[in-house]
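Inspection log for the structure reproduced underneath, given as C-alpha cells.
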Amino acid sequence: MNMLTTRDGTRIYYKDWGQGQPVTFSHGWPLTADAWEDQMMFLAQHGYRVVAHDRRGHGRSDQPGWGTDMDTYADDLADLFQALDLHDAVMVGHSTGGGEVARYIGRHGTQRVAGAVLMSAIPPVMVKSDTNPNGVPIEAFDGLRQSVAADRSQFWKELTTPFFGTDHGQTVSQGTRDSFWLQSMMGGLQPEYDCIRVFSETDFTEDLKRFDVPTLLLHGDDDQIVPIAVGAYRSVKLIPGATLKVYPGGPHGLAVTHKDELNRDLLEFIRGLGARAGTEALIVNPVPA
C-alpha cells in the first residue's frame, strides 16, 4: 500500500492513479478514499492524475491518539502535497473533506493549487450559536455522539438512509450501502467519535475569505446532513468569485446518487482551469463525458 509518514509520525494511506494535472480528493466522515473511486477513475481516464487519502483515524491510515483536529488534517494533506510534489492541483472535498480543503488553503495558501471544489461541504460552520443562529443545534451532534458510542455498526447502516436520501426518493443499491458501512467500520471508534466535534464546531469563515483561486461549490438542496442553507448558501458569499451549482433534490451523497452529472461538472470545471492556464489535459483512454 502507498503510505506517507507525516510530520508527527502518523502513517497516511493514499491512492495515486494516472498522469497529468493532479486532482486531490478529501473524503467525508466517516468514510475513506474509496468514496471517491467513481470520480477518480473517470478523471484518470480523461488524462488527470488523481490522488485521494484516508484521513488519520479513518480507513487504512494510522489511528493515533492525537491530531483529531482540522489543523492537523490540513497539515497531513500538506505533507501529502509535498511528498508527491503536487503542483497546479485541483482540490476536491466532500463534507468534512470540504472543511479540510478550506483549512488547507487558509493555513497553507494556494501556491500548489489551481482551483477548488467544495461539495456538500461543512464550511463555514455547522453548529448553531449566537453568531450562527441558523446553524444545526448542538443537540443534533450530541445525538450523533450517543449513537456512535452506543452501536456504531448499526448506526452506520442507518445513516445511509439520510446520507443518500433514500427516504426522499433517491435509489441506491444494497451494495452501495454495504460499502458505506464497510468504509465506516474501517476507522477507529475514538477518532470517528472525536471527529464529530471537528466537523460540527470548526469555524472556516476566515479560511474561506483567503481563497484566491477559482472555486466551485456543489450542493444538493435536499441535503439532510449538511443543509444547503447552513453550508453552500453561506460559503458562496465568503469565497471571492465562487460559483455555486445547486442539484435540485440532491442529497448529501452526490458522488453516488448524481455520479454522472457530478463527473461532468468536475471535468468541465477542471478543463476550464487548464484552458485558462494553457495546460489543458491530454485525454487518454477517453470515456463518454
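All values reported here derive from a predicted model rather than from experimental measurement.
Counting heavy atoms from C-beta on, the side chains of S95 and V226 come closer than 4.5 Å. You'll find the side chain of W36 stays beyond 4.5 Å of the side chain of V23, heavy atoms only. The side-chain heavy atoms of L218 and S120, taken from C-beta on, include no pair separated by under 4.5 Å. The shortest distance between side-chain heavy atoms of M70 and F204 falls below 4.5 Å. No side-chain heavy atom of T160 sits less than 4.5 Å from a side-chain heavy atom of T166. Side-chain atoms of I12 and S61, non-hydrogen and from C-beta on, do get closer than 4.5 Å to each other. Looking at T257 and L254, their side chains come closer than 4.5 Å, going by heavy atoms from C-beta outward. A 4.5 Å side-chain heavy-atom check between L144 and F141 finds at least one atom pair inside the cut-off.
In this structure, R11 contributes its side chain and D62 its backbone to no donor-acceptor pair below 3.5 Å. Side-chain atoms of D203 never come within 3.5 Å of backbone atoms of V125 as a donor-acceptor pair (strictly under, hydrogens ignored). In terms of modelled atom types and a separation under 3.5 Å, the side chain of Q190 and the main chain of G65 share no donor-acceptor contact. Without hydrogens or angle criteria, T215 side chain to V213 main chain gives a donor-acceptor distance under 3.5 Å. In terms of modelled atom types and a separation under 3.5 Å, the side chain of H27 and the main chain of R55 share a donor-acceptor contact. A donor-acceptor pair under 3.5 Å is absent between the side-chain atoms of D16 and the main chain of N2, judged by distance alone. A donor-acceptor contact shorter than 3.5 Å is absent between the side chain of R152 and the backbone of Y193. Looking at Q170, its side chain does come within 3.5 Å of a backbone N or O of G249 through a donor-acceptor pair. Judged purely by atom type and a 3.5 angstrom limit, H94 uses its side chain to pair as donor or acceptor with the backbone of H252. When atom types are taken as modelled, the side chain of D54 and the backbone of R60 share a donor-acceptor pair closer than 3.5 angstrom.
One distance of note links OG1 of T10 with CG of D79; it measures 9.5 Å at 0.5 Å rounding. Annotation: the span from K15 atom NZ to T32 atom OG1 amounts to 6.5 Å, rounded to 0.5 Å. In this structure, OG1 on T72 lies 7.0 Å from CG on D8, to the nearest 0.5 angstrom. Annotation: the span from D76 atom CG to H53 atom NE2 amounts to 6.5 Å, rounded to 0.5 Å. Note that the OH atom of Y104 and the CG atom of D71 stand 14.0 Å from one another [nearest 0.5 Å]. A distance of 10.5 Å separates CZ of R107 from CZ of R210, quoted to the nearest 0.5 Å.
Smallest separation of non-hydrogen atoms from L31 and S184: CD2-OG, 3.8 Å. Closest approach of V236 and L244 over heavy atoms only: CG2-CB, 3.9 Å. Residue H219 comes nearest to A232 through the heavy atom pair ND1-CB, 3.4 Å, listed as atom of the first residue, atom of the second, then distance. The nearest pair of heavy atoms linking S26 to V101 is OG-CG2, 4.1 Å. The minimum heavy-atom distance linking M40 with V50 is given by the pair O-CG2, 3.6 Å.
Cluster membership check: M91 does not share its hydrophobic cluster with F42, using side-chain heavy-atom separations under 4.5 Å among Ile, Leu, Val, Met, Phe, Trp and Tyr. Under a hydrophobic-cluster definition in which Ile, Leu, Val, Met, Phe, Trp and Tyr are linked whenever side-chain heavy atoms come within less than 4.5 Å, directly or via other members, Y48 and L80 are assigned to different clusters. Clustering ILVMFWY residues whenever any of their side-chain heavy atoms sit less than 4.5 angstrom apart, transitively, puts L216 in the very cluster that holds L43. L217 and V90 end up in different hydrophobic clusters when Ile, Leu, Val, Met, Phe, Trp and Tyr side chains are linked at under 4.5 Å.
Within a 6.0 Å sphere centred on CD of Q82, other residues, nucleotides and ligands contribute 12 heavy atoms or fewer. The neighbour count for Q146 CD, taken as heavy atoms of other residues, nucleotides or ligands under 6.0 Å away, does not exceed 12. With a 6.0 Å radius and a threshold of 12 heavy atoms from other residues, nucleotides or ligands, E158 has its CD atom above the threshold.
Between E261 and R264, none of the side-chain N atoms (NZ, or NE/NH1/NH2) sits under 4.0 Å from a carboxylate O, so this pair counts as no salt bridge.
Defined by atom type and a distance below 3.5 Å, a donor-acceptor pair is missing between the side-chain atoms of N134 and R234. With 3.5 Å as the limit, one finds no donor-acceptor pair spanning the side chains of E100 and T96. D167 and Q224 share a donor-acceptor pair across their side chains, judged by distance under 3.5 Å alone. Side-chain N/O atoms of S129 and N132 include no donor and acceptor closer than 3.5 Å.
Relative ring orientation between Y73 and H58 is described as perpendicular, the plane-to-plane angle rising above 60° on a 0-90° scale split at 30° and 60°.
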Item to check | Chi angles and distances behind the side chain to side chain donor-acceptor pair (under 3.5 Å) call for D212, T110 | outcome: CA-CA 7 Å; D212 58 1; T110 56; 2.6 Å; yes

Checklist entry - Could you go step by step and tell me if T202 and R103 meet the side chain to side chain donor-acceptor pair (under 3.5 Å) rule? => result CA-CA 10 Å; T202 304; R103 182 52 53 89; 5.8 Å; no

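Cation-pi geometry between K237 and Y233 is not met: the NZ or CZ atom fails to fall both under 6.0 Å from the ring centre and inside 45° of the normal.
For the ring pair (Phe, Tyr, Trp, His ring centres under 6.0 Å) criterion with W156, the lone passing option out of W29, F180, F163 is W29.
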